[in-house]
Amino acid sequence: MAAHLSYGRVNLNILREAARKELREFLDKCAGSKAIVWDEYLTGPFGLIAQYSLLKEHEVEKMFTLKSGRLPSADVKNIIFFVRPRLELMDIIAENVFSEDKHHSSRDFHILFVPRRSMLCEQRLKEQGVLGSFINIDEYILDLIPYDGDLLSMEYESAFRECYLENDQTSLYHTAKGLMTLQALYGTIPQIYGKGDCARHVANMMLRMKREFAGTQNQILPVFDTLLLLDRNVDLLTPLATQLTYEGLIDEIYGINNGYVKLPPEKFAQKKQGEASKDLPTEPKKLQLNSAEELYAEIRDKNFNAVGAALSKKAKIISAAFEERHNAKTVGEIKQFVSQLPHMQAARTPCFPTLLKNEIQSLSNNSRQYPVSPVSASEAFFDNLTVEQEFMTGVDTDKVNTYIEDCIAQKDPLIKILRLVCMQSVCNNGLKQKVLDYYKREILQTYGYEHILTLNNLEKGGLLKPQTSSRNNYPTIRKTLKLWMEDANEQNPNDISYVYSGYAPLSIRLTQVLARPGWRSIEEVLKMLPGPHFEERQQLPSGLHKKRQQGENRTTLVFFLGGVTYAEIAALRFLSQMEDSGMEYIIATTKLVNGTTWIKSLMDRPESQTP
Amino acid sequence: MTKSKADEEDYWNSSKFKAFTFDDEDDELIRLKESRQAVNSIQRLVEEDDDEDDVEKVSWSGEPVGSISWSVKETAASNQRTDREPAFPKIPTDTPSLSKSQSGYSLSSLFKGETGGRNFQSFTDTLSDSSIRLYAPELRKPKSEYKDYVSDWSPEETIQRLQQGKTAPLEKFRSLQDKLLLLDFAVSAHDGNVITAVLIYLKRTLSKEVLFRELESRQTALRHFIHYLTETKDQRLLLELLSLLVIHSYLFTVDFYFFTAKDSAHVQDHYTLLERQIIIEATDRQAERGGKVEIFQKFPRRASILNMPLITTLYYCCFYHYSEPEGTYSSPLNIRQAFKISEKQYFVTALAARAKLKAWLDVDALFTSRNWLGFTRKKSPLSFQRVVDVLQKNSAPTQVLQDYVGLVEDPDMRISLAQKHKCHDIVINTYRDMKDRQQLLGYRGKVGRGSAEERKIDELLNNQQIRWKN
């Protein structure tokens, strides 16, 4: 079920198992049959830990979604609320409990807060007069959730906002705790590097927590050699750019949440010809995206221009293999063929990689030089891309951009506008006051004055700002770190810049340089980026020093505080696979983001956005 | 846990401090509620003897490395009520315990004190013999019960315990200095929940003047406090706090609801806009109901204009109030002036609105500018390609479209647009200008047989004076 977690360099299934154990133990604490009332948001993250079967084994007979009014009837002994600590949810729970009392008096109530209890919530329950109705109030600490064989996420959406806008560093505390858990399972990480204020905080907390456990030595042989903590605000540029890997594009177009993508039903309609249209699905279909699907694992990190070729090559191999059954003569040969069957069948069934093939191909076939149809979606896509690339290469970043102006006049989605304007600002180390004022006025006039709060948030977060010094240091950073590669090879990449068709993500360049030749070589640039950079060492008991084999790879855990994109992950996987890199990367983050979800998390009242 | 019994008795006897609670203890209603709950808990005892251990809230604590674990729950684990331990778990000293940090927040105990009871542990009832506790949960326990309980944890240790989800009494910190130390340690622990816990205690035990004064110099705590008041909808205190901050102009250092001078101009604009919208809405609704104004009859308004963005309002006014004199609130020109709308924005909005109404003369007039000789020519702040786009979206007929397609400067773009919108003349003329005989020949197949277009192409192809490039 979760085998894909254990194939990687580090067996992340251990972490998952530990989390499942916790869950089972909580369920067993509420003896007897039970029904779970879910805060809908949580079903996603929980899905990464457990399936319904696990719950069923522990006498969970019914599952409901939390909503106001009366609870659906269920003949169970326990009602357990799985909720985030949110005040509005407490009010719903109170309503549920109140209307319940009149009808059944024998059911027991429990609350499981995820990921943590909160005073405010318990106080609210108390004010509502229902706190006393609960037999168990517990928390289920889901700090780091195994997401894939090399990927951990806290699924903590608001971390960036909390740290940079609200000055609330609770998410960092959780990060530190999550890292302590990880070290308890996988050994003390001897080297810690970091860049940024939040990174510094997390490292400090980790070291302090370690001191608090002084006297107790972790006896596990370290799996990770290095931990690299990176603040998202060290690299604000990368998430703003449109991701051009296959998985990144799926995320940009459809949105991947908790490892799932929801695809519109039309995508599944044209499968079989001649079938009556009554069978057409009407609901969006949810598909899980991870390395468990071999074909997907193979193409997810490719540049979208290389996906078509890879897929047809794969298709040829499979049908060739399938044809071989005619040639199989001996029993041994037939046996071998049969053993490959399930594998082939899986690849032959029209699965999601092919679903998006059309989109991707129409995007890549469409010539970039000249748009054929003036208003096609792909033209808009490439226009947008062209402007992004101009900004990233430093073309005219100090002027009002006509394309952005036109997009505003056409009332394109506000988030698209904000992504572009922020990108221009970041690539120009802040906008000239006149330019900034112009954009702001256009945005407020077109989308509504209430968005002034959002614009303020973006300024506070450093994404949108007036130029303070006359010196724009972005070109220096770009040149030193080689952030723009003129001839990025999308088909057979030789550099991480393929993930954005030319732009090499700054965060990953920092990671790459750290491994070789080391940060000392880029001191100047590091000083230009916000926050301190540092190195710490954690002492290992003498018996635990690794004796490294010749040629054995080192393992680095890269933790992105404030979010990471799929394209950045792809770039790190690319580095892991490079033969001479000598380094394997495991990735951890507060949340997987793209420009849209990230900007959205920084908006005030994003729902009031004009569609 | 080293304080002597005598000390403790002393403390509890001498202290005028009542355990920290959210409720007003003198409130009769609450008392009533409590006794009802006491009765309930007795009932439960009778009914659910077997599940009794579930009644206790669980304090989580540590477990050996190897499971992540918040799995050892010391209180709950003990099935026998008789050997129930105090609410704060013992720290397992013999295991390498990561799990200290993996814990729950027994913070509810902070604000329970005497009113606690219920199903949850409070300082008081944790220590009591459980049967006494359940039968009379609201009673003060004999002083001797506290002997092992209140310890002299320092502010730092207290915060650590709270972070680890263990109970730790805050009420022993009585001096202002201690309370502030507590707050500062909480802030440096970066744990929002603990910070809030301490703030609630401070709010409870400090006069607001003192609390506000101290918070002013502690921005992180201040933010948490503002957040707490916002969440709990304590508007009165929030207002008091904010106005105090304004008076001290801390708003500017705190950066809370911070508006620059530029921003305040936007806020002013927002206000002006709303004011206008209210006037326009009232007038137009009346006009619509009156049934005498033609445009409202022909194109009934679909929604109120209130709270719409400025450009939407401008569009509305270009639609319904286009030719009004500049002096009225709803005149597009007046709006453009008042809000300093850029030329491009004004142009594209007016264009879309007039095209929607198929008022092609108005559309035409938008582009017309006279030079000093009196010649008219079409000028646009927008590329003509975009103009065609806007017109086409509003389903302009070919005759209208072709005027603007012809003005697109780039010949390739012009041809591609002209082909798309079937503006044959433009295609033909452009190929002629490009001297592209082959393309023209090819296009002949696309126009109607025997049509005027075909004749025109033939004429051109036969024209000896054109020097074709192919």
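Since this is a predicted model, take the numbers as computed values, not measurements. So you know, we letter chains A, B, ... as the sequences are listed, proteins then strands, and number each from 1.
- For A/Asn167 and B/Gln219, the side-chain atoms include no donor-acceptor pair closer than 3.5 Å.
- A donor-acceptor contact closer than 3.5 angstrom links the side chains of A/Thr446 and B/Gln345.
- Interface summary for chain B: among A/Leu172, A/Asn204, A/Leu444, A/Asp406, the most heavy-atom pairs under 4.5 angstrom belong to A/Asp406.
- With a 4.5 Å cut-off on non-hydrogen atoms, A/Phe113 does not touch chain B at all.
- Between A/Arg116 and A/Asp138, none of the side-chain N atoms (NZ, or NE/NH1/NH2) sits under 4.0 Å from a carboxylate O, so this pair counts as no salt bridge.
- In this structure, chain A has heavy atoms under 4.5 Å from both the backbone and the side chain of B/Asp269.
- Contact annotation for B/Ala189: both backbone and side-chain heavy atoms come within less than 4.5 Å of a heavy atom of chain A.
- Among A/Met205, A/Arg124, A/Glu17, the residue making the largest number of heavy-atom pairs under 4.5 Å with chain B is A/Met205.
- Counting heavy-atom pairs under 4.5 Å between each of A/Arg208, A/Glu442, A/Gln445, A/Gln219 and chain B puts A/Gln445 at the top.
- Under 4.0 Å is where a charged nitrogen must lie from a carboxylate oxygen, and between A/Glu166 and B/Arg223 no such pair does.
- Partners of B/His270 by ring pair (Phe, Tyr, Trp, His ring centres under 6.0 Å), not counting sequence neighbours, listed by chain and number: A/Tyr449.
- Interface residue A/Leu165: only backbone heavy atoms are found under 4.5 Å from chain B.
- Remark: B/Phe339 engages no residue in a ring pair (Phe, Tyr, Trp, His ring centres under 6.0 Å) (not counting sequence neighbours).
- Contact count against chain A (heavy-atom pairs under 4.5 Å) is highest for B/Ile341 among B/Thr312, B/Leu273, B/Ile341, B/Leu314.
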